[in-house]
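Structure record follows, encoded as structure tokens.
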2 protein chains.
Amino acid sequence: MATGRRAKMMEETRAKLIRAARKAFAEKGYAAASMDELTAEAGLTRGALYHNFGDKKGLLRAVIDEIDAEMAEGARAARDRAETPWQGFIEEGVAYIEMALEPEIQRIMLLDGPAVLGDPAQWPGQNACLRTTTATIQALIEERTVRPVDAEAAARLVNGAALNAALWVAASDDPRAVLVKAIEAFRFLASGLLRERG
Amino acid sequence: MATGRRAKMMEETRAKLIRAARKAFAEKGYAAASMDELTAEAGLTRGALYHNFGDKKGLLRAVIDEIDAEMAEGARAARDRAETPWQGFIEEGVAYIEMALEPEIQRIMLLDGPAVLGDPAQWPGQNACLRTTTATIQALIEERTVRPVDAEAAARLVNGAALNAALWVAASDDPRAVLVKAIEAFRFLASGLLRERG
DNA sequence: CGGTTGACATACGCGGCGTATGTCCCGAGA
DNA sequence: TCTCGGGACATACGCCGCGTATGTCAACCG
């Protein structure tokens, strides 16, 4: 598969733009981020941007795709570290809360993303986060650990709770202390899905 | 307290602007809503707007304050209709989900609001929604119905779950059917807070 | 009744997005 | 090797929207 030099440079250009965009969007927010400054930061101009991504929203979509994949991977890793499927589910949720402490994820994935692109479930990458959580819950239902419930519904609520918790933690004065409370509350809530209390 | 004619007109002007803003923000979103069109719709100009609200964000703050108060009132009404405190808590959550089905609330309170003004807990009206939920949970803890947990943390997660559920429902093809699933999942999750299962 | 204040309208400048147009270089074919 | 077409990116332009500075007119006050 001879990926000629042209295609190679193209990918490099896209990568540079996405890198600069992640930085700018995270620091200034989507609305306040200037395309001129952003592309200059990447050593390019707006021409490259509109050629590769169509428009400003297209760039945001690309950025979100990338971060979403990273988050899903992080969640998967957390789940794999656990001993039981249920523990894995909990760890996955905790991982989301902790990941969402990073300003970049907060600003881009939780605040600007939904506002600009609408409902996360209909995002380009189909939102890997939601899909993995849904699959996890579905497995737990089939395993008879979790009550028979609509897996997607549960995933939505659990994710929403986790991400909202993260927003709260990050905005607080003492994030570390508040994080503990958030995780505890999350465990309690999640336990409501159990068939019988452990 | 002689509210002179001036003050009276002032209030009327603010009300007209807020009314037009709710409509415009809900239909076009905050970013795409033009101040020129918005104020013209209200029979005024941008002069009135910047005089009364400072800037575009100021107008959004005022709009959010109003809607937040309405939502808190709706939640209170739902809670009061229930027979037990716990049922009241559940009904409050369900009410949030149902209210969030309105496009106006989705767009303004759930999408643009957080993106433009940041964390809801630090909003002007201090977010009546969150405060009422926190108080409700605190009461349930003291009543020994709910496990000893940080009330604010629980309120945050529950609210987050409810509002996220609403986003999901509203974006779905068959909102009515999905709403049922969402409410069921919400009840399960919330039951995780109970000291012992009912 | 003249002066002052405040509510609102009008006028202007700056900046940002998107697009139309231009330029250059790579790669294919004769 | 020379040519030439197309793609990747840069440059130039127009439009729109926000915020502010300035203007105007009506309501209070002495």
Side-chain angles (χ1 to χ4, degrees), chain A residues 1-21 23-64 107-108 112-113 115-117, chain B residues 1-21 23-64 107-108 112-113 115-117:
Chain A
M1 183 179 203
T3 60
R5 284 176 178 75
R6 297 289 284 273
K8 205 91 180 187
M9 294 307 290
M10 188 92 182
E11 273 313 305
E12 178 64 20
T13 297
R14 290 176 60 92
K16 280 195 289 190
L17 287 174
I18 290 178
R19 218 176 309 146
K23 191 159 172 285
F25 289 164
E27 288 174 358
K28 307 182 175 187
Y30 174 81
S34 160
M35 294 291 111
D36 273 324
E37 293 179 13
L38 192 161
T39 51
E41 177 80 22
L44 296 161
T45 69
R46 294 215 325 271
L49 207 169
Y50 287 95
H51 186 70
N52 281 285
F53 300 99
D55 61 355
K56 193 178 183 181
K57 287 165 89 169
L59 179 59
L60 178 61
R61 267 186 282 267
V63 166
I64 282 182
R107 182 85 236 190
I108 299 177
D112 290 334
V116 176
L117 303 181
Chain B
M1 179 185 204
T3 60
R5 283 177 180 74
R6 297 290 285 273
K8 204 91 179 188
M9 295 307 289
M10 188 92 180
E11 274 312 306
E12 178 64 21
T13 297
R14 290 175 60 94
K16 281 196 289 191
L17 286 174
I18 290 179
R19 218 176 309 148
K23 191 159 172 285
F25 289 164
E27 288 174 359
K28 309 183 175 187
Y30 175 81
S34 159
M35 294 290 111
D36 273 324
E37 294 179 14
L38 193 160
T39 50
E41 177 80 21
L44 296 161
T45 70
R46 295 216 322 272
L49 207 170
Y50 287 95
H51 187 72
N52 280 284
F53 299 99
D55 61 355
K56 194 178 183 182
K57 287 165 90 168
L59 179 58
L60 178 61
R61 268 187 281 269
V63 166
I64 282 183
R107 183 85 236 192
I108 300 177
D112 290 335
V116 176
L117 304 181

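Below, chains carry the letters A, B, ... as their sequence lines are ordered, and counting in each starts from 1. Worth knowing before you read on, the calculation uses all heavy atoms, side chains too, and leaves out hydrogens, waters and symmetry mates.
Between the CE atom of A/Met10 and the P atom of C/dG27 there is a distance of 14 Å, rounded to whole Å. Between A/Leu49 atom CG and D/dT11 atom P there is a gap of 15 Å when expressed in whole angstrom units. The nearest whole Å value for the distance from the CG atom in B/Asn52 to the P atom in C/dA9 is 10 Å. If you take NZ of B/Lys28 and C1' of D/dG17, they are 13 Å apart, rounded to a whole angstrom. Here the C1' atom of nucleotide C/dA9 and the CG atom of B/Leu17 are 13 Å apart, to the nearest Å. The NE2-P distance, from A/His51 to D/dT11, rounds to 16 Å in whole Å.
Between the side chain of B/Arg107 and the main chain of A/Ala115, a donor-acceptor pair closer than 3.5 Å is present.
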Side-chain donor-acceptor contacts of residues 51-58 of chain A below 3.5 Å, not counting sequence neighbours, with atom names and distances?
residue	atom	partner	partner atom	Å
A/Asn52	ND2	A/Ala48	O	2.9
A/Asp55	OD1	A/Gly58	N	2.9
A/Lys56	NZ	A/Tyr30	O	3.0
A/Lys56	NZ	A/Ala33	O	3.1

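For the salt bridge (Lys or Arg N to Asp or Glu O under 4.0 Å) test, no residue two or more places apart in sequence or in another chain qualifies with A/Arg61. Among residues two or more places apart in sequence or in another chain, the side-chain contact (heavy atoms from CB on, under 4.5 Å) test is passed with A/Glu27 by A/Lys23. With sequence neighbours left out, A/Lys28 forms a side-chain hydrogen bond (donor to acceptor under 3.5 Å, both in side chains) with A/Glu37.
Taking only side-chain nitrogens and oxygens, B/Thr13 comes nearer than 4.0 Å to OP1 or OP2 of C/dC8.
Residue pairs meeting the side-chain hydrogen bond (donor to acceptor under 3.5 Å, both in side chains) criterion with at least one member in residues 38-50 of chain A, sequence neighbours excluded: A/Asp36-A/Arg46.
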Q. Going 5' to 3' along nucleotides 13-20 of chain C, which nucleotides have protein heavy atoms under 4.0 Å from the base (write B), which only from the sugar-phosphate (write S), and which from neither (write -)?
A. ---SBBB-
